[in-house]
Amino acid sequence: EPLQIGSLISSTQGQSATPSVHFQAAGCKALAFKPKLTLKLKGKTARRAHPALRATLTMKPGEANIARAEVTLPHAEFLDQGHIANVCTHALFEGAGCPQSSVIGYARAETPLLEAPLQGPVYLMSGFGHKLPDLAADLGGQIRILLHGKVDSGPGGGIRNTFEVVPDAPVSKFVLSLKGGSRGLIQNSEDLCSPRAKTHAIADFTAQNGKRSDTEPRVKSACKSGRHRKNRRARR
């Protein structure tokens with residue numbers, strides 16, 4: 001069974017393990033916390049197009065571990081509910097497994113604690129008590145983790161994904177890739193190359209030591225910037 005984030009069950013090479021000894025590190029409050037998030041859309045930039053999304057989170061060695069992560073895309077991107085199909089149920093995941101048709105992306109987590117990255121498919125999965133299906137990453141390797149995040153609307157009406165509970169472990173890099181095109185969940189509500197299009201997300205991270213990081217990373221796309229498009233038209 002994979003470790004359900006929020007529970008205390010894990011598996012290592014087929015053997016169940018539960019924590020039996022409490023360990024408390026000292027000096028955690030003094031650790032820095034500066035996660036860096038980059039977001040990139042790949043595909044058509046026109047209104048109603050379905051671009052692919054790649055989110056990359058990097059952490060420097062020695063920084064505090066992430067406890068909670070919340071990212072809201074700009075209003076230019078919204079969830080196309082017409083593309084929500086083949087949602088995997090939590091019960092199906094624990095039984096026969098989610099069908100290949102329910103895979104919407106891929107995720108990979110790198111940590112210095114393990115010899116190789118944890119990686120695996122990403123699903124839309126129901127059964128967590130939320131209005132919309134959760135974004136669930138089934139990360140496998142030396143251990144197996146099911147990391148699930150609540151999907152809803154954030155400030156400004158953009159898509160928000162919130163990982164309420166993140167394992168207290170050092171992660172040097174986490175990459176989440178979502179499919180685009182006919183399998184894409186994200187849809188452009190406006191032309192991303194328009195000078196009026198908002199291109200900044202809202203990233204709110206909380207560390208295990210209580211520190212917070214609030215940034216507004218730019219969501220990159222085929223357009224270098226709204227000003228670039230505007231100036232190009234002026235030259236014509």
Side-chain angles (χ1 to χ4, degrees), residues 32-61 63-80 83 104-110 122 132 135 137 147 149-164 166 171-181 183-207 211-236:
F33 184 61
K34 296 181 179 180
K36 181 181 179 181
L37 177 68
T38 60
L39 298 163
K40 185 175 182 180
L41 295 172
K42 183 179 180 180
K44 296 180 179 179
T45 61
R47 181 173 178 268
R48 297 183 178 178
H50 296 82
L53 172 67
R54 182 182 177 90
T56 304
L57 175 68
T58 54
M59 299 283 294
K60 294 181 179 179
E63 292 188 341
N65 299 331
I66 293 177
R68 182 180 184 276
E70 176 183 304
V71 177
T72 305
L73 295 179
H75 184 261
E77 303 304 322
F78 69 96
L79 185 67
D80 185 355
H83 277 205
I104 62 169
Y106 198 80
R108 185 180 78 252
E110 299 177 10
V122 175
L132 293 172
L135 198 68
L147 182 65
K150 178 182 178 181
V151 178
D152 62 2
S153 295
I159 304 172
R160 175 172 60 187
N161 186 71
T162 305
F163 293 109
E164 293 285 357
V166 178
V171 174
S172 54
K173 187 176 184 179
F174 179 76
V175 180
L176 174 67
S177 300
L178 299 181
K179 295 181 179 180
R183 299 286 300 277
L185 293 173
I186 297 175
Q187 185 174 22
N188 301 333
S189 65
E190 58 184 325
D191 184 347
L192 301 183
C193 297
S194 168
R196 298 184 300 274
K198 294 183 179 181
T199 60
H200 287 81
I202 301 174
D204 184 355
F205 297 100
T206 304
K211 290 185 178 181
R212 291 186 60 181
S213 171
D214 300 313
T215 60
E216 295 187 5
R218 187 171 73 86
V219 181
K220 300 177 182 179
S221 65
C223 299
K224 294 183 178 180
S225 68
R227 181 176 298 179
H228 171 81
R229 171 87 175 254
K230 186 177 181 180
N231 291 342
R232 184 174 62 186
R233 287 178 173 176
R235 287 196 298 269
R236 290 178 180 176

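No experiment lies behind these values; they were computed from the predicted model shown. We're numbering straight along the sequence, starting at 1.
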Interatomic spacing from SG in C193 to NZ in K44 - rounded to 0.5 Å: 13.5 Å

Residues forming a side-chain contact (heavy atoms from CB on, under 4.5 Å) with P61, sequence neighbours excluded: none

Taking only residues two or more places apart in sequence, or in another chain, which ones meet Q187 in a side-chain hydrogen bond (donor to acceptor under 3.5 Å, both in side chains)? none

Okay, side chain of R160, backbone of V71: is any donor-acceptor separation there less than 3.5 Å? no

With sequence neighbours excluded, what pairs up with V122 under the side-chain contact (heavy atoms from CB on, under 4.5 Å) test? I104, A107, L135, A137, L176, L178

Which residues pass the side-chain hydrogen bond (donor to acceptor under 3.5 Å, both in side chains) test with N65, sequence neighbours left out? D168

Are the side chains of V166 and F174 in touch, meaning some heavy atoms are under 4.5 Å apart? no

Any donor-acceptor N/O pair, S172 side chain to E110 backbone, under 3.5 Å: yes

Restricting to side-chain hydrogen bond (donor to acceptor under 3.5 Å, both in side chains), what partner residues turn up for E63, sequence neighbours left out? none

Test of understanding: with side-chain hydrogen bond (donor to acceptor under 3.5 Å, both in side chains), list the residues that count as partners of E164, not counting sequence neighbours. R68

Do K173 and R108 have side chains that approach each other closer than 4.5 Å (heavy atoms only, starting at C-beta)? yes

What verdict does the side chain to side chain contact (heavy atoms under 4.5 Å, CB included) test give for T72 and I159, after you've listed the backbone C-alpha separation in whole Å, the side-chain angles of each residue and the deciding distance to 0.1 Å? CA-CA 6 Å; T72 305; I159 304 172; over 6 Å; no

Charged N-O contact under 4.0 Å between R47 and D191: no

Of all heavy-atom pairs linking L39 and P217, the shortest is CD1-CG, 4.3 Å

Side-chain contact test, heavy atoms from C-beta onward, threshold under 4.5 Å: evaluate it for P74 versus V219 and give yes or no. yes

E77 and N188, any side-chain heavy atoms less than 4.5 Å apart: yes

Say whether, by atom type as modelled, one donor and one acceptor occur between the side chain of S189 and the main chain of A76 under 3.5 angstrom. yes

Pairwise side-chain contact, I66 with F33, heavy-atom cut-off 4.5 Å (strictly under): yes

Partner set under salt bridge (charged side-chain N to carboxylate O under 4.0 Å, His left out) for E190, not counting sequence neighbours: none

In a table with atom names and distances, give each donor-acceptor pair under 3.5 Å that connects a side chain of residues 48-56 to protein atoms at least two apart or in another chain.
unit_1: H50; atom_1: NE2; unit_2: D80; atom_2: OD2; d: 2.6

Can you list every salt bridge (Lys or Arg N to Asp or Glu O under 4.0 Å) pair that touches residues 195-207, not counting sequence neighbours? D204-R212

Show your working on side chain to side chain contact (heavy atoms under 4.5 Å, CB included) between L37 and F205 and close with a plain yes or no. CA-CA 10 Å; L37 177 68; F205 297 100; 4.3 Å; yes

d(H200 NE2, T215 OG1) to nearest 0.5 Å is 10.0 Å

Contact check, side chains of K40 and K42, non-hydrogen atoms, under 4.5 Å: no

Less than 4.5 Å apart, any side-chain heavy atom of L79 and any of I186? no

